[in-house]
Every structure is written in C-alpha cells, then in structure tokens.
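These notes are about the structure you will find just below.
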Amino acid sequence: MTELLLATNNGGKAREIQTILHHLGIEDIKILTLSDVHLSGFAVEETGHTYEDNATLKAKTLADKTRHLTIADDSGIEVTALGHKPGVYSARYAKGSDTDRCHKLLKELEGKEDRSAKFVCVIVYIDPHGNERHVFHGECKGLIAPALQGTHGFGYDPLFVPEGYHQTMAELGSDVKDQISHRAKALQAFATWWKGHKKVHET
Ligand code: ITT
C-alpha cells in the first residue's frame, strides 16, 4: 500500500478525489488528507498564473514539508463570453462564499448570449524522494445556467450544465459528476500512468 497525500483544504475536492480513485480501481493507494499529517488549514500562497504552476506550488510545498508522495489539484471555470475568466483566479473571483462567486458570475453574464464555459483541472504529482513531477489535465465543457440550481457538489456546480445534460452538476450529483468531470478526467490520466508506473517499479 502506498500513502499519497492530497494537498488541498477544499473538502469537496478531497471527497471527490478519494471517491474517483476508488471507482478507478486504484486499491493500492492509501489517501492521506492534510488533517492526517496534522496540517489542516495549511495554505500555500497561490502566486502562479497557470493551473500547473499553482498545483506544482501546492504539491511541492507539502511534499517537501512531509516527505510524502503528494498530489495537488488546481482548477477553475473558464467562461467564453468573459474572455475565459475567472479561470485560474476562480477561487478569488469574489470575496465571500461559493454562492457569492456564482452570483457575481451571473451578473457579469447578464445580457450576453454565449453561455458556454468549461471546467479545467490540473493535477500535479510529486515524489520528493525520486524528485519526480507528473502533470495530468482534464476538462469538462458545458453552459452557464440562468440561475443557481441544485445542492450537491461545491463551487460553481449550481451554475454549470455539462454538455449532454439538462441539469446542473449540483442537481446531477456525484454519481454523474464523478464520471464526467474535469477532475475525473485528470484522475483517469493519473490512474493510467500510476498503473504503468507501478508495473515498472515492480519488475
Ligand atoms: P485548494 O487550493 O486548497 O485545493 P481551492 O478551493 O482554493 O482549494 P483552487 O485554488 O484550485 O482550489 O480553486 C478552484 C476554484 O474553482 C474554486 O473556486 C472552486 O470552487 C472552483 N472549482 C474547482 N473545481 C470545481 C468543481 O468541480 N465544481 C465547482 N467548482 C469548482
């Protein structure tokens, strides 16, 4: 069993990552959260301008500090009519709660015809012993709904209607989200790599 630290303070992300890895049949990883390593709330300043830079900052800081194999997720929502904003700045788009940020997005989209958007996720894996870094990407396309709908998930889920569906992620819930989301796709890429990586290390 290999211990893998999830460098996130976002409970929604942590729950999804654990569930998705389980669904992907990765049974040889034991997930550690920040609270397992007595670092709950330990925040890394996200000074990068790309998802990859910020995910690397978060994973590397925690890997160096704890010496555990570590993954971090940096993600955001990109809205076409807003010039692909808020993107990497999605968590800081407005002060306050996830709901406040959803309302700001709706306000900025008032009167705009194009409601297309996508969720983006970049997961970075760091091995502090082998000095290894690997990067995994995932995207999920969709539309911004006219109002907040649904109670599942977190962040911008009440506003995001994924392509091929008529309800928001927050209405569809985790059974659907964990199959089609940007995070699920990045973790599928991680799982494929992990299975190959383990084989190489076992032979
Ligand atoms: P950590 O850095 O501790 O992981 P965070 O919430 O600050 O947590 P980010 O910096 O990556 O994470 O910001 C991601 C932003 O994008 C944040 O506002 C989320 O609510 C939003 N977001 C990311 N994935 C999402 C998802 O699956 N559903 C809805 N919103 C999402």
Side-chain angles (χ1 to χ4, degrees), residues 1-24 26 28-78 84 86-93 98 101 118-140 153-157 160 169 174 177-178 180-198 201:
M1 192 62 83
T2 307
E3 292 187 335
L4 180 67
L5 176 64
L6 291 189
T8 179
N9 283 301
N10 181 322
K13 276 188 192 177
R15 275 189 296 280
E16 287 182 10
I17 292 171
Q18 298 193 61
T19 308
I20 296 165
L21 286 177
H22 181 70
H23 286 167
L24 290 169
I26 306 263
D28 56 349
I29 288 182
K30 179 176 189 289
I31 297 292
L32 301 179
T33 61
L34 287 178
S35 77
D36 292 323
V37 295
H38 309 290
L39 288 170
S40 307
F42 181 87
V44 177
E45 208 190 335
E46 296 186 32
T47 52
H49 298 295
T50 65
Y51 302 107
E52 183 175 332
D53 286 351
N54 283 337
T56 302
L57 266 173
K58 291 187 269 192
K60 184 154 175 30
T61 306
L62 268 302
D64 287 347
K65 201 170 167 61
T66 64
R67 309 305 293 161
H68 281 293
L69 300 181
T70 303
I71 58 170
D73 160 322
D74 203 66
S75 39
I77 191 164
E78 302 188 356
H84 309 288
V88 73
Y89 305 105
S90 295
R92 290 162 280 167
Y93 184 46
D98 282 347
R101 285 181 276 281
K118 66 180 177 187
F119 273 129
V120 178
C121 174
V122 174
I123 289 185
V124 169
Y125 164 95
I126 301 265
D127 174 352
H129 306 288
N131 250 333
E132 259 186 86
R133 186 183 78 108
H134 295 276
V135 185
F136 307 94
H137 298 261
E139 288 189 4
C140 179
F154 65 96
Y156 298 90
D157 283 339
F160 188 81
M169 283 290 205
S174 59
K177 183 179 180 188
D178 291 347
I180 64 167
S181 77
H182 49 316
R183 187 158 296 107
K185 288 179 187 150
L187 287 170
Q188 280 155 15
F190 168 78
T192 303
W193 169 79
W194 177 257
K195 287 171 187 167
H197 169 81
K198 287 298 283 186
H201 282 254

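Note: hydrogens, waters and symmetry copies are ignored here, and every other heavy atom, side chains too, is used.
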Quick check for you: to the nearest 0.5 Å, what is the distance between [X] atom [atom1] and [Y] atom [atom2]?
X	Y	atom1	atom2	value
E52	I123	CD	CD1	12.5 Å
L32	E3	CG	CD	4.5 Å
I26	I20	CD1	CD1	12.0 Å
K185	F119	NZ	CZ	12.0 Å
D178	I17	CG	CD1	10.5 Å
D28	L21	CG	CG	10.0 Å

Minimum-distance pair of heavy atoms, taken over all atoms of [X] and [Y]:
X	Y	answer
V122	Y51	CG2-CB, 3.6 Å
F42	T61	CE2-CG2, 4.1 Å
I180	A184	N-CB, 4.3 Å
A72	A55	CB-O, 3.4 Å
L34	T8	CD1-O, 3.5 Å
H182	C140	N-CB, 3.5 Å

With the side chain counted from C-beta on, respond yes when [X] and [Y] share a heavy-atom pair under 4.5 Å apart, and no when they do not.
X	Y	value
W194	I29	yes
T33	Q18	yes
R101	P86	no

Candidate list H68, R67, K65, test side chain to side chain contact (heavy atoms under 4.5 Å, CB included), partner L5, passing option: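 So, applying the side chain to side chain contact (heavy atoms under 4.5 Å, CB included) to L5 and each of H68, R67, K65, only H68 qualifies.
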
Within 6.0 angstrom of H129 NE2, more than 12 heavy atoms from elsewhere: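 Buried by this count: over 12 neighbours within 6.0 Å.
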
Crowding at NE2, H22 (>12 non-hydrogen neighbours, <6.0 Å):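 No, NE2 of H22 has 12 or fewer neighbouring heavy atoms, counting only those of other groups under 6.0 Å.
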
Pairs involving residues 33-50, ordered by first then second residue, that meet salt bridge (Lys or Arg N to Asp or Glu O under 4.0 Å) (sequence neighbours left out):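 Residue pairs with at least one partner in residues 33-50: E46-K58.
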
Parallel, tilted or perpendicular: rings of Y125 and F190 (30°, 60°):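 F190 and Y125: tilted rings.
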
Ring geometry between H134 and W193 (parallel below 30°, tilted from 30 to 60°, perpendicular above 60°):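 The arrangement is tilted - the two ring planes meet at 30° to 60°.
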
With K118 via salt bridge (charged side-chain N to carboxylate O under 4.0 Å, His left out) - residues at least two apart: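 With sequence neighbours excluded, K118 shows a salt bridge (charged side-chain N to carboxylate O under 4.0 Å, His left out) to E139, given in chain and number order.
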
Would you check if the side chain of [X] reaches a backbone N or O of [Y] as a donor-acceptor pair within less than 3.5 Å?
X	Y	value
N9	S40	no
S90	I77	yes
N54	G48	yes
D127	L69	no

Sequence neighbours left out, what passes side chain to side chain donor-acceptor pair (under 3.5 Å) with [X]? Give chain and number order.
X	result
T2	K198
Y156	none
D73	K13, S75, R183
H23	none

